[in-house]
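These notes concern the structure reproduced below.
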Amino acid sequence: MSKPLTIADLKTMARRRVPKMFFDYADSGAWTESTYRANEDDFSRIKLRQRVLVDMTDRSLATTMIGHDVSMPVALAPTGLTGMQHADGEMLAAKAAEEAGVPFTLSTMSICSIEDVRSVTSKPFWFQLYVMKDRGFVERLIGRARAAGCSALVVTADLQILGQRHKDLRNGLSAPPKWTLNSAMQLATKPFWCLDMLRTSRRGFGNIVGHASNVSDLSSLSAWTAEQFDPRLSWDDIRWIKDLWGGKLIIKGILDEDDARAAADTGADAIIVSNHGGRQLDGALSSISMLPKIVAAVGDRLEVHLDGGVRSGQDVLKAVALGARGTFIGRPFLYGLGALGKPGVTAALEIIRKEMDITMALCGKRDIQDIDAGVIAENPFHA
Ligand SMILES: Cc1cc2nc3c(=O)[nH]c(=O)nc-3n(C[C@H](O)[C@H](O)[C@H](O)COP(=O)(O)O)c2cc1C
């Protein structure tokens with residue numbers, strides 16, 4: 001394929017390069033995948049207002065998220081096993097984000113460790129926390145994020161237990177891949193991916209291996225999650241984490257107005273309206289459809305961010321118009337990474353940036369900070 005022009009182009013390229021179990025791990029949702037699809041589809045139900053003959057020079061997409069300068073209101077979402085889309089994936093994506101002037105969020109379940117990512121970046125990145133039963137491990141993880149200079153902690157609230165993705169079970173997903181006939185066939189057809197992977201030593205869960213005790217089956221994400229993640233996690237734990245961390249705190253995975261109010265009561269700096277990219281509760285509403293209600297409920301108390309289904313700069317603009325201070329992208333950057341490594345992540349960000357810039361201009365606006373509901377012509381999702 002020639003130069004990728006859309007996120008869909010990057011997805012096509014990633015499908016060719018990445019072994020099926022890892023491509024499918026990104027391109028999947030829970031059960032019937034209805035919420036995964038709704039996240040994308042509902043953006044297209046919002047229509048923009050075309051304006052003409054206004055000065056469109058000197059446009060700016062720069063803004064802030066939780067007080068941090070960003071070149072556009074887009075951050076890279078935390079995604080597990082990113083170093084399996086491409087060797088050293090988290091380090092490459094973090095560098096691409098830094099160069100693009102947008103935040104990178106490292107997942108607890110990353111392949112490259114906090115320290116690996118720190119070693120290749122010069123600006124602070126954000127760290128996403130899954131809360132494990134072993135609170136000593138959680139404390140050490142938070143300490144490592146602080147020592148690495150991470151400038152925000154993103155606590156994920158919507159994965160106390162793991163939603164089921166059929167493709168992962170059928171493909172025998174594990175990191176590193178276990179040697180079975182099924183996995184051997186998946187790897188045999190992706191020689192470039194395999195060669196890159198042979199050149200790196202980072203093939204396990206970098207934040208966990210050597211740091212957590214009593215880990216019995218680390219290669220199996222679902223088994224480990226079931227064993228280690230804390231199903232009793234509560235709002236009191238969020239307060240404990242907030243005190244322990246002492247810095248900027250974002251709560252990720254809010255899809256309900258009452259939960260948004262509870263999050264605001266904790267004194268967090270922001271929430272991410274999210275259903276985990278449709279990977280947890282299949283049948284839940286799309287993120288963008290819930291955004292106006294959640295902004296109406298708590299938008300005056302903390303920043304409201306959004307993720308789920310953002311596939312273009314137009315989607316970012318729509319989310320901002322409906323009250324999101326910023327957005328996060330998961331699959332779009334993973335496809336870029338799988339397709340081309342670091343230049344692919346850069347391509348994903350630049351595709352989104354260009355689409356947002358042109359859309360903003362054609363809506364008659366020059367500054368992302370002036371975007372409000374006035375750029376929307378039709379919106380089926382009201383507060
Ligand atoms: C492959 C994959 C792995 C993910 N792993 C994590 C994770 O480790 N922690 C987390 O909080 N969210 C995780 N998520 C959810 C993302 O942070 C984000 O909510 C979601 O991808 C947004 O939807 P989008 O992919 O449509 O942009 C993951 C998503 C994907 C696609």
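When a ligand or atom number is given, it counts from 1 through the structure's own listing order.
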Give the residues near ligand 1 by chain and number, with the criterion being a heavy-atom distance under 4.0 Å. Y25, A26, A77, P78, T79, G80, S107, Q128, Y130, T156, K252, S274, H276, G277, R279, D307, G308, G309, R311, I329, G330, R331, P332, L334
Does anything in residues 288-301 form a salt bridge (Lys or Arg N to Asp or Glu O under 4.0 Å)? List the pairs, not counting sequence neighbours. D265-R301
Can you give me the closest heavy-atom contact between A62 and I368, atom names plus distance? O-CG2, 3.5 Å
Check whether NZ of the Lys or CZ of the Arg R279 lies under 6.0 Å from the centre of the six-membered ring of Y25 and within 45 degrees of that ring's axis. yes
Between R331 and Y36, is NZ or CZ placed under 6.0 angstrom from the six-membered ring centre and within 45° of the ring axis? yes
Side chain to side chain contact (heavy atoms under 4.5 Å, CB included) partners of L340, counting only residues at least two apart: P4, L10, M13
Got a sec, which residues hit side chain to side chain contact (heavy atoms under 4.5 Å, CB included) with W31, two or more places apart in sequence or on another chain? Q164, H166, D282
